[in-house]
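Encoded as structure tokens, the structure appears first; notes follow it.
If you're wondering where the values come from, they're calculated on a predicted model, not measured in any experiment. Hydrogens, waters and symmetry mates are skipped; everything else that's a heavy atom, side chains included, is used.
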Amino acid sequence: MSEYVLPPPGPTGGTNYSTCSHPMDFAFLRTANGRAEVRGHFSYDSRDPFTVRAFFMQGQEDFVEWVFARDLLASGLERAAGHGDIRIRPSSNDSAMTVIELASPFGTAVLATSSKALAGFLACTGEIVPFGQEDLMLDWESELARLLAGEH
């Protein structure tokens, strides 16, 4: 179940963004013992409407963060999607699971999670910012000014 997180009211009393977060369990598929459980969650923020953040627990208190396109996650639920560092696809072994492959200079992680849970998270993001309307959420003038000023 996704959780909506609304920011506190600003000076004018309103809010100008919304987020949702969805905890998930993952199976780490390529380990020496064959499989390990990983706790993580997906997060979405309307201020960055094209992206999804995935956090995976590493040890007791550390986590690894990956950022990728919301559309990539949605496409990966239906068919193989992505190239290079991030690939998402339905599991060929279990139709209720989705496989996420993450590659970095430190190695590759192959994770599986519930397709239903991912779809629930995506539904949450779609309620905040409907798919296809992401560009309406951006303040293009501010973004251009920030880029021209050399900010990242």
Side-chain angles (χ1 to χ4, degrees), residues 1-7 16-140 142-144 146-147 150-152:
M1 177 159 86
S2 293
E3 174 183 317
Y4 289 100
V5 180
L6 297 175
N16 58 0
Y17 68 95
S18 296
T19 66
C20 70
S21 181
H22 192 117
M24 287 192 207
D25 292 316
F26 297 86
F28 187 54
L29 301 179
R30 290 193 184 157
T31 67
N33 298 330
R35 187 179 173 133
E37 298 300 316
V38 176
R39 187 80 178 129
H41 75 271
F42 280 94
S43 180
Y44 181 76
D45 188 322
S46 65
R47 293 172 294 182
D48 193 4
F50 289 100
T51 64
V52 167
R53 296 184 185 289
F55 300 89
F56 304 101
M57 291 303 296
Q58 181 180 17
Q60 294 289 356
E61 297 180 19
D62 293 332
F63 61 87
V64 175
E65 177 183 2
W66 283 77
V67 180
F68 49 94
R70 178 171 72 153
D71 285 345
L72 175 63
L73 184 59
S75 295
L77 279 174
E78 303 295 322
R79 63 188 178 289
H83 303 287
D85 294 347
I86 301 172
R87 296 179 196 186
I88 303 171
R89 61 178 167 75
S91 172
S92 57
N93 298 332
D94 184 347
S95 62
M97 302 296 281
T98 297
V99 175
I100 300 172
E101 296 180 45
L102 305 169
S104 78
F106 305 105
T108 300
V110 180
L111 304 159
T113 194
S114 163
S115 299
K116 184 176 180 181
L118 282 177
F121 170 70
L122 285 169
C124 174
T125 72
E127 289 178 24
I128 292 172
V129 178
F131 282 85
Q133 295 185 17
E134 295 89 351
D135 61 328
L136 301 176
M137 298 300 295
L138 296 177
D139 179 352
W140 292 104
S142 294
E143 288 295 316
L144 181 58
R146 185 180 61 77
L147 289 171
E151 298 174 20
H152 297 262

Open item on the list: Let me confirm one number: the CD-CG distance from Glu134 to Asp48, rounded to the nearest 0.5 Å.
Closed with: 11.0 Å

- [ ] From the options Phe42, Phe131, Phe50, select the one residue that forms a side chain to side chain contact (heavy atoms under 4.5 Å, CB included) with Arg70.
- [x] Phe131

Task: CZ on Arg89 to CD1 on Ile100, rounded to 0.5 Å - done: 10.5 Å

Task: Pair His41 + Phe55: ring centers closer than 6.0 Å - done: yes

TODO: Measure across Pro49 and Tyr44 and return the closest heavy-atom pair with its distance rounded to 0.1 Å.
DONE: O-OH, 2.8 Å

Open item on the list: Quick check: closest heavy atoms across Gly76 and Ala81, and the distance to 0.1 Å?
Closed with: N-CB, 3.8 Å

Open item on the list: Has Glu127 got a side-chain atom pairing as donor or acceptor with Thr125's backbone, closer than 3.5 angstrom?
Closed with: no

Open item on the list: Quick check: closest heavy atoms across Ala109 and Phe28, and the distance to 0.1 Å?
Closed with: CB-CE1, 3.3 Å

Open item on the list: Quick check: closest heavy atoms across Ala103 and Trp66, and the distance to 0.1 Å?
Closed with: O-CH2, 3.2 Å

Task: Close side-chain approach of Val99 to Ile88, heavy-atom, < 4.5 Å - done: no

Task: With Asp71 via salt bridge (Lys or Arg N to Asp or Glu O under 4.0 Å) - residues at least two apart - done: none

Open item on the list: I'd like to know if the side chain of Ser114 and the backbone of Met97 have a donor-acceptor N/O pair within less than 3.5 Å.
Closed with: no

Open item on the list: Would you say that more than 12 heavy atoms from the other residues, nucleotides or ligands in this model lie under 6.0 Å from the CZ of Phe63, or not?
Closed with: no

Task: Note, His22 side chain near Met24 side chain (heavy atom, < 4.5 Å) - done: yes

- [ ] Could you go through the side-chain hydrogen bond (donor to acceptor under 3.5 Å, both in side chains) check for Asp94 and Ser91 one step at a time?
- [x] CA-CA 5 Å; Asp94 184 347; Ser91 172; over 6 Å; no

Task: Atom of Ser46, atom of Val129 and distance for their closest heavy-atom approach - done: CB-CG2, 3.8 Å

TODO: Taking the side chain as every heavy atom from C-beta outward, state whether Asp25 and Arg39 have any pair of such atoms under 4.5 Å apart.
DONE: yes

- [ ] State the CG-CD1 distance between Asp45 and Ile128, to the nearest 0.5 angstrom.
- [x] 8.0 Å

Task: Verdict with supporting geometry, Ile86 and Leu102, side chain to side chain contact (heavy atoms under 4.5 Å, CB included) - done: CA-CA 5 Å; Ile86 301 172; Leu102 305 169; 4.0 Å; yes

- [ ] Check for a donor-acceptor pair, side chain of Thr98 on one end and backbone N or O of Leu77 on the other, with a separation under 3.5 Å.
- [x] no

